[in-house]
Amino acid sequence: MNDLLNERIRRKLDVMPDEQAYQVLDYIEFLESKYSQRSAGAPAFQKVAETLEDTMRAGRVPITIIRGTMDAVGKAGKFFEGLAAAGKAAVDEARRKQVPPAPPAPPAPPAPPAHSAPTAAPEKQVEETKPPQ
């Protein structure tokens, strides 16, 4: 939809009472089903809110109650969006500040060879014996 048409429809909806705006919504949803158009994907919380609103409308709940309920649900949705954004920001910050891995340990001193060359046995000292005189 072009921007001019979008703005024109929005202006008309802004001044319309809620009861008539719901009729417009019903007609839009009818057209989507008639022409097998997929509605724009909404976040999960938005889908829950829309289902709640549709259920209340189907149960003939007065418009003023629906409006108050949806205002409260909208505020809760904004709170959860802010909470999710804060959580994502905290995770991103933690990833940026990740501590670099510890440097490798210094190499161990070289071990003595497994077997060493045989050492010569100490020489025996031979004492000279002198014959008695």
Side-chain angles (χ1 to χ4, degrees):
M1 171 182 330
N2 68 55
D3 291 340
L4 293 174
L5 178 58
N6 189 350
E7 184 59 34
R8 183 177 176 191
I9 292 171
R10 184 174 307 281
R11 274 195 328 267
K12 301 244 182 221
L13 283 173
D14 286 343
V15 296
M16 194 174 284
D18 286 348
E19 292 163 350
Q20 290 176 350
Y22 279 123
Q23 290 176 357
V24 171
L25 177 63
D26 289 340
Y27 186 67
I28 291 170
E29 290 174 346
F30 162 75
L31 290 175
E32 285 177 341
S33 67
K34 180 178 179 182
Y35 296 106
S36 299
Q37 294 174 340
R38 300 174 88 183
S39 59
F45 191 82
Q46 180 70 30
K47 289 179 184 178
V48 170
E50 290 173 3
T51 302
L52 172 63
E53 183 179 30
D54 292 344
T55 303
M56 291 172 63
R57 288 178 51 218
R60 306 273 184 214
V61 174
I63 295 293
T64 55
I65 303 223
I66 293 174
R67 184 182 313 124
T69 302
M70 297 317 296
D71 285 345
V73 169
K75 289 177 184 174
K78 288 180 183 177
F79 170 77
F80 286 123
E81 287 174 5
L83 187 62
K88 184 179 182 313
V91 168
D92 290 345
E93 183 69 22
R95 285 185 180 155
R96 280 194 297 265
K97 289 187 176 181
Q98 255 183 345
V99 178
H115 67 283
S116 53
T119 56
E123 291 184 25
K124 288 186 179 179
Q125 289 183 354
V126 180
E127 290 183 23
E128 277 185 44
T129 54
K130 292 184 182 181
Q133 288 174 340

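Predicted model only: the values in this text are computed from it and were never measured.
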Could you grab the distance from atom [atom1] of [X] to atom [atom2] of [Y], nearest 0.5 Å is fine?
{"X": "Lys12", "Y": "Gln20", "atom1": "NZ", "atom2": "CD", "answer": "12.0 Å"}
{"X": "Ile63", "Y": "Met70", "atom1": "CD1", "atom2": "CE", "answer": "11.5 Å"}
{"X": "Asp54", "Y": "Asp26", "atom1": "CG", "atom2": "CG", "answer": "8.0 Å"}
{"X": "Lys34", "Y": "Tyr27", "atom1": "NZ", "atom2": "OH", "answer": "7.0 Å"}
{"X": "Asp18", "Y": "Leu13", "atom1": "CG", "atom2": "CG", "answer": "10.5 Å"}

Where do Ile66 and Arg57 come nearest, in terms of heavy atoms and distance?
CD1-CG, 3.6 Å

Looking only at heavy atoms, the pair that brings Thr69 and Met56 closest together is OG1-CE, 3.5 Å

Once side chain to side chain contact (heavy atoms under 4.5 Å, CB included) is applied, do any residues pair with Asn6, and if so which ones, sequence neighbours excluded?
Met1, Arg10

Ignoring hydrogens and geometry beyond distance, is a side-chain donor-acceptor pair present between Gln23 and Glu19 at under 3.5 Å?
no

Greater than 12 external heavy atoms within 6.0 Å of Asp3's CG
no

Tell me whether [X] shares a hydrophobic cluster with [Y], the cluster being built from Ile, Leu, Val, Met, Phe, Trp, Tyr side chains joined at under 4.5 Å.
{"X": "Val91", "Y": "Leu83", "result": "no"}
{"X": "Val24", "Y": "Val15", "result": "no"}
{"X": "Phe80", "Y": "Val48", "result": "no"}

Carboxylate-amine/guanidinium proximity below 4.0 Å for Glu50 and Lys47
no

Whether Arg67 and Asp71 form a salt bridge (side-chain N of Lys/Arg under 4.0 Å from carboxylate O of Asp/Glu) is what I want to check.
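Salt bridge between Asp71 and Arg67, a charged N being under 4.0 Å from a carboxylate O: no.
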
Begin from the C-alpha positions of Glu93 and Arg96 and carry the test salt bridge (charged side-chain N to carboxylate O under 4.0 Å, His left out) through to its verdict.
CA-CA 5 Å; Glu93 183 69 22; Arg96 280 194 297 265; 2.6 Å; yes

